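Lettering of chains follows the sequences in order, A, B, ..., and the numbering in each one begins at 1. Note that the structure is predicted; figures quoted are calculated from it, not measured. Worth knowing before you read on, the calculation uses all heavy atoms, side chains too, and leaves out hydrogens, waters and symmetry mates.
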Amino acid sequence: MSVKEPAQNAPGKDTSGKEVPATAGNFLRNIVESDLAQGKYASRHWSGRPGDAAQHAAGPLDPARIRTRFPPEPNGYLHIGHAKSICLNFGIARDFGGTCHLRFDDTNPEKESQEYVNSIIESVRWLGFDWQFGGDTNLYSASGYFEWMYRCAAALIEHGHAYVDSQSADDIRMHRGTLTEPGKNSPFRDRGIAENRDLFTRMKNGEFADGTHVLRAKIDMASPNINLRDPIIYRIRHAHHHKTGDTWCIYPMYTYAHPIEDALENITHSICTLEFEDQRAFYDWLLGKLADAGFFARPLPQQYEFARLNLSYVVLSKRKLIQLVEEKHVDGWDDPRLPTLAGARRRGFTPEGFRNFAVRIGVSKSDSWIDMSILEDCMREHLNAEAERRIGVLDPVKLIVDNYPEGQTEACEAPNHPLKPELGKRELLMSREVWIERDDFMEVPSKGYFRLFPGNRARLRYAFIVECTGCDKDENGNVIAVHCTYLPDSRSGSPGADQYKVKGNVHWVSVQDAYSCEVRLYDRLFSVPNPGAGDRDFLLDLNPNAKKVVRAQLEPSLRKASPETRFQFERHGYFVADRVDSKSGAPIFNRTVTLRDSWAKGK
RNA sequence: UGGGGGAUCGUCUAGUGGUAGGACAACGGACUCUGACUCCGUUUACCUAGGUUCGAAUCCUAGUCCCCCAGCCA
């Protein structure tokens, strides 16, 4: 008996030298593996650019063992759900000696724009993927294939597989039937080939108004699969397209365009989400007919479906994201609270974290909900290894060291990274007055509390042990300063450093050289796991505390942080210098995610 | 009440007739100048009911529950 190794790739580096997490096996990888083992796609030819059977036949054998594609519609920004699909498609192609095409599915000019195209390209690149293979740049657009799609439609008409329907939209809907009742044939269904040809040509030439005619595939109005009841494949839209301008006034429907895009591009595995499962029958029907007509060569691309990502505490529906942006519930598409990739980037999330996340959540066909904490944890894992440590006091209160000589200062060394001594050290300036965290003092300590309270000792991190002696309060009873005395022979790194055993550790920044800075504390966008569950308006579930701006006191070295540099503020979490609002010499920080806190959890 | 899918530890996910495995979480402990990290240990699962079989998560039968489909959106 042989033990079967799970399909798996060891961790390694990608072409740019970046760490790539191990990729776990899944049902799609199994399919690719078995297709490859059978040599299913070995005989395909590739002409170096998308084309029909004749064009590809003239080219050499396809150097890509498989081709996948990531086909976003440029009608919004990419979000975390897309990251799953991107990692899946580009990851499989990379691991099996293939390539993944980035293709814009821009068949609906009224909703799409170049702004979205640009942001999508930027996000996919940021995630660490590219579409170069051999000498080819596999960056395509559905709109680049409009001419071919038109010729395919003409071929369908010639073979009696498509007809021009002149019913109104309402009539078409009424005649479609229902889930349980068959549809009725259109009165225009049996128009002759010549008439269809003529009408379709005139549709293309702009002789008709929007909505007056459509081109339909002629399949079966009684099919139990509604998608096969003569689906519409072309509609008239006198609209300006961001790529083709006013060249076209008829535009193909997704269901028709997508299989053709795949076939033109020699895609082997066309991987999409579960809601397209019912479309597969039409996908196969269409490509089969076009292969019969000699337009495409077998083996044809095949569609496979996986479950889309559901993530708690956010919304991933394009409609809702657009609404949040347009109604200004957030500050634009790259608001760090948003689950867009642009927002996640600004928030400080990392490509490595996302790739790790994709591996961790896996791929299957069962509906599943991933908890936001999984994503946060993936980010912590990468950030913990990568981010240099710094000190930041987010809710400052003054600590006065009463026995520390007035005017005296001394430099204390702090390592930049506890796990990477090669990253060196920096100096923190100790002085009589330092900022500490308001939380690090309790006049009356709760059970288990081991930081500053009268009579207790704690260590000022990287500096001295101090003994808390009390506090000053204003007339309302608010603590305005904490007092302590320090033990001069307890300095970190000195021979006497370990003679005092204390449990508590308090971070601090000298009052005299602190960098007073705006810091945004981000939290989850929604306060419930499933915003808008049931019929509830999802806006009601928005977390009002998802963004909190504080005036923090940071260690002075942070003044030099360049945009998008990530740090751990010790004992707080991971922070990034905002890539938009930071000024030279005056960075602003965003909290990416807090550190785990088993103390807070126990309370 | 049509069609297409899905159901395995708390969560995600392997496992297609031969010891139900992994990850994360949880819990307990160790370590710690971050209540972090790390390390060690523990708990917990095959939707139900029948059947076939020496043996069933896997095959068969009948159910149950969940998701998707009636845009000239994708």
Item to complete: Select base, sugar-phosphate, or nothing to describe what A:Thr273 touches, counting heavy atoms under 4.0 Å on all strands.
Response: nothing

Fill in: Nucleotide nearest A:Glu73 (side chain, heavy atoms from C-beta), chosen from B:C73, B:C72, B:U34
B:C73

Discussion item. Taking the minimum atom-to-atom distance to the side chain of A:Asp597, which one of B:C73, B:G35, B:G2 wins?
Written reply: B:G35

Fill in: Given B:C69, B:U34, B:C72, the nucleotide with the shortest approach to the side chain of A:Ile226
B:C69

Fill in: G-U wobble or Watson-Crick pairing nucleotide for B:U16 (cut-off 3.5 Å, both distances)
none

Practice prompt. Assert yes or no for the condition that the ring centre distance of A:Phe276 to A:Tyr283 is strictly below 6.0 Å.
Written response: no

Discussion item. Judged by each residue's nearest nucleotide on RNA chain B, which is more toward the 5′ side, A:Phe569 or A:Ile370?
Written reply: A:Ile370

Discussion item. Whether A:Glu467 and A:Arg457 form a salt bridge (side-chain N of Lys/Arg under 4.0 Å from carboxylate O of Asp/Glu) is what I want to check.
Written reply: yes

Worksheet item: Between A:Phe306 and A:Phe27, does the ring centroid distance fall short of 6.0 Å?
Response: no

Discussion item. Between the base of B:G35 and the side chain of A:Arg451, is one N or O donor paired with an acceptor at under 3.5 angstrom?
Written reply: yes

Fill in: Watson-Crick or G-U wobble mate for B:U61, both contacts under 3.5 Å
B:A49

Worksheet item: In the structure shown, which nucleotide is the Watson-Crick or G-U wobble counterpart of B:U42, with both distances under 3.5 Å?
Response: B:A26

Worksheet entry | Per A:Ser598 side chain, nearest of listed nucleotides B:A36, B:U34, B:A70 | B:A36

Item to complete: With heavy atoms under 4.0 Å as the rule, sort A:Gly448 into base, sugar-phosphate or nothing.
Response: base

Discussion item. With a 3.5 Å limit on both atom pairs, tell me what B:A36 is paired to, counting Watson-Crick and G-U wobble, or say none.
Written reply: none

Practice prompt. For A:His417 and A:Glu388, test the side chains for any donor-to-acceptor distance below 3.5 angstrom and give the result as yes or no.
Written response: no

Practice prompt. Give the nucleotide from the list B:G2, B:C72, B:A70 with an atom nearest to the side chain of A:Pro224.
Written response: B:G2

Worksheet item: Does B:G2 have a Watson-Crick or wobble partner in any strand here, with both distances under 3.5 angstrom, and which is it?
Response: B:C69

Worksheet item: Which listed nucleotide (B:C69, B:C72, B:C24) is nearest to the side chain of A:Ile374?
Response: B:C24

Discussion item. Closest approach to the side chain of A:Asn227, judged atom by atom: which nucleotide of B:C72, B:C69, B:A14 is it?
Written reply: B:C69

Worksheet entry | Check: A:Phe569 main-chain N/O paired with A:His572 side-chain donor or acceptor under 3.5 Å | no

Fill in: Shortest side-chain distance from A:Tyr254, nucleotide among B:C72, B:G2, B:A74
B:A74

Worksheet entry | Upstream residue (5' side of RNA chain B) when A:Thr107 and A:Ala307 are each assigned their closest nucleotide | A:Ala307

Worksheet item: If you check every side-chain atom of A:Met253, which of B:C73, B:C24, B:G35 has the closest atom?
Response: B:C73

